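Taking it in order: structure first as structure tokens, then the write-up.
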Number of protein chains: 2
Amino acid sequence: MFQLDYGDPRPLFEQIKDQIKTMILRGVLPANQQLPSVREMASNLTLNPNTIQKAYRDLEAEGYIYSVRGKGNFAAALSQQLKTEQQTQLKKQLKETLTAMLHLGISPEEALQWVKEAYHTEGGEPQ
Amino acid sequence: MFQLDYGDPRPLFEQIKDQIKTMILRGVLPANQQLPSVREMASNLTLNPNTIQKAYRDLEAEGYIYSVRGKGNFAAALSQQLKTEQQTQLKKQLKETLTAMLHLGISPEEALQWVKEAYHTEGGEPQ
DNA sequence: CGCACTGTAGTATTCGCAATAGTACAGTTA
DNA sequence: TAACTGTACTATTGCGAATACTACAGTGCG
């Protein structure tokens, strides 16, 4: 179900968190969709249930999922606040990238070209 | 000379590496400019010389600096290869950001608007 | 009820790796 | 020679991720 990279310096629970976040933000996991149980996911990924639980607890604290004792974990409805946060972060990220490009000697015109190009090559599905 | 964030999960030597990289890529550190000695930098940042040495060794392996035994560490001339690598990475980063924006419901038109906006607000120097 | 599932909480332990501490050796320069 | 430089070790500490294990609480179903 998920892709773990043991070479990645980032901890496993973070990798799991990010993948779930992405799925929720992109609508792959609709609201109230049930997630695999802590034990099941742990079994599938061959790691400890505690690791999954940490990921789930964090995600709940951040508003991406909600937990119901005895029932399971479910994708939360994507709040406007969460969307706005994400947008803000993406904007910041975009600006950082553009700044780095500028300082590397790439003109704004070239940058715009890159942007258009990125859209034209959509379907390659980066990441 | 450098800014260390002990709250950052990233190791110290990585933070140092990145800051030096950025300075070199942006021309703040011209070719053959001498860097502080391992021991001096360690003293300034109040950490162990080994930590600095690790950063320097990595940077040399990546082609950002060169070391001369008995003399010191110096910024390398920014090779075309290094620039190209950096450009490739930025392009990839840009595309990932744009893809995420798309999936968040931001149209290409809006995205372009963001890009222009980012340039207009230059001077705020993000990061 | 009893059973099998779910989440939750806690402790103890292992393990990896960043970072420290310390010593030693080699090359440069005045 | 003296005081710098880089480099190479080994040993140790310390932190946090991940494991292992146990236990308890709520849900759903036959």
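Proteins get letters first, then strands, A, B, ... in listed order; numbering begins at 1 in each. Since we're looking at a predicted model, the values are computed, not measured.
Scanning all heavy atoms of the two residues, the minimum distance from Leu78(A) to Ile24(A) falls at CD2-O, 3.8 Å. Minimum interatomic distance between Pro108(A) and Leu102(A) (heavy atoms only, all atoms of both residues): CD-CD2, 4.0 Å. Considering all non-hydrogen atoms of both residues, Tyr64(A) and Lys21(A) come closest at CE1-CE, 3.6 Å.
Nucleotide dA9(C) holds its P atom 16 Å from the OH atom of Tyr56(A), rounded to whole Å. In this entry the distance linking CD1 of Ile52(A) with C1' of dG7(C) reads 14 Å, nearest Å. Taking atom CD1 on Ile16(A) and atom C1' on dA18(D), their separation rounds to 11 Å, with Å as the unit. Rounded to a whole Å, the CD1 atom of Ile65(A) is 13 Å from the C1' atom of dT8(C). The interatomic distance linking Gln34(A) (CD) with dG28(D) (C1') rounds to 12 Å, in whole Å. Between the NZ atom of Lys54(A) and the P atom of dA9(C) there is a distance of 13 Å, given to the nearest Å. Whole-Å rounding puts the Leu59(B) CG to dT7(D) C1' distance at 16 Å. One interatomic measurement links the two molecules: CZ of Arg57(B) to P of dT7(D), which rounds to 9 Å at whole-angstrom precision.
Within a 6.0 Å sphere centred on CD of Gln3(A), other residues, nucleotides and ligands contribute 12 heavy atoms or fewer.
Contact check, Thr51(A) against dA18(D): no side-chain N or O comes under 4.0 Å of OP1 or OP2. For dT8(C), the OP1/OP2 oxygens have a side-chain nitrogen or oxygen of Ser67(A) closer than 4.0 Å.
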Intermediate values then yes/no, side chain to side chain contact (heavy atoms under 4.5 Å, CB included), Asn73(B) and Val68(B): CA-CA 6 Å; Asn73(B) 287 274; Val68(B) 183; over 6 Å; no
Side chain to side chain contact (heavy atoms under 4.5 Å, CB included) for Leu47(B) and Leu4(B)? Distances and angles first, verdict last. CA-CA 11 Å; Leu47(B) 39 79; Leu4(B) 295 183; 3.4 Å; yes
Can Lys91(A) and Gln87(A) be said to form a side chain to side chain contact (heavy atoms under 4.5 Å, CB included), step by step? CA-CA 6 Å; Lys91(A) 230 171 194 166; Gln87(A) 283 199 8; 5.9 Å; no
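The side chain of Asn73(B) lies closest to dT7(D), out of dT7(D), dT6(C), dT20(C).
For the atom pair CD1 (Ile65(A)) and CG (Leu59(A)), the distance works out to 5.0 Å, reported to the nearest 0.5 Å.
Sequence neighbours left out, the pairs with a member in residues 7-17 of chain A that pass side-chain hydrogen bond (donor to acceptor under 3.5 Å, both in side chains) are Arg10(A)-Asp18(A), Lys17(A)-Asp58(A), Lys17(A)-Glu62(A).
Between Leu35(B) and Glu14(A), the residue whose closest nucleotide on DNA chain D is further toward the 5' end is Leu35(B).
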Within the 4.0 Å limit for protein heavy atoms, which parts of nucleotides 21-30 of chain C are touched? Write it as a string from 5' to 3', B for base, S for sugar-phosphate only, - for none. BB-B-SBSS-
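Near DNA chain D, meaning a heavy atom under 4.0 Å away, the residues from residues 4-12 of chain A are Pro11(A), Leu12(A).
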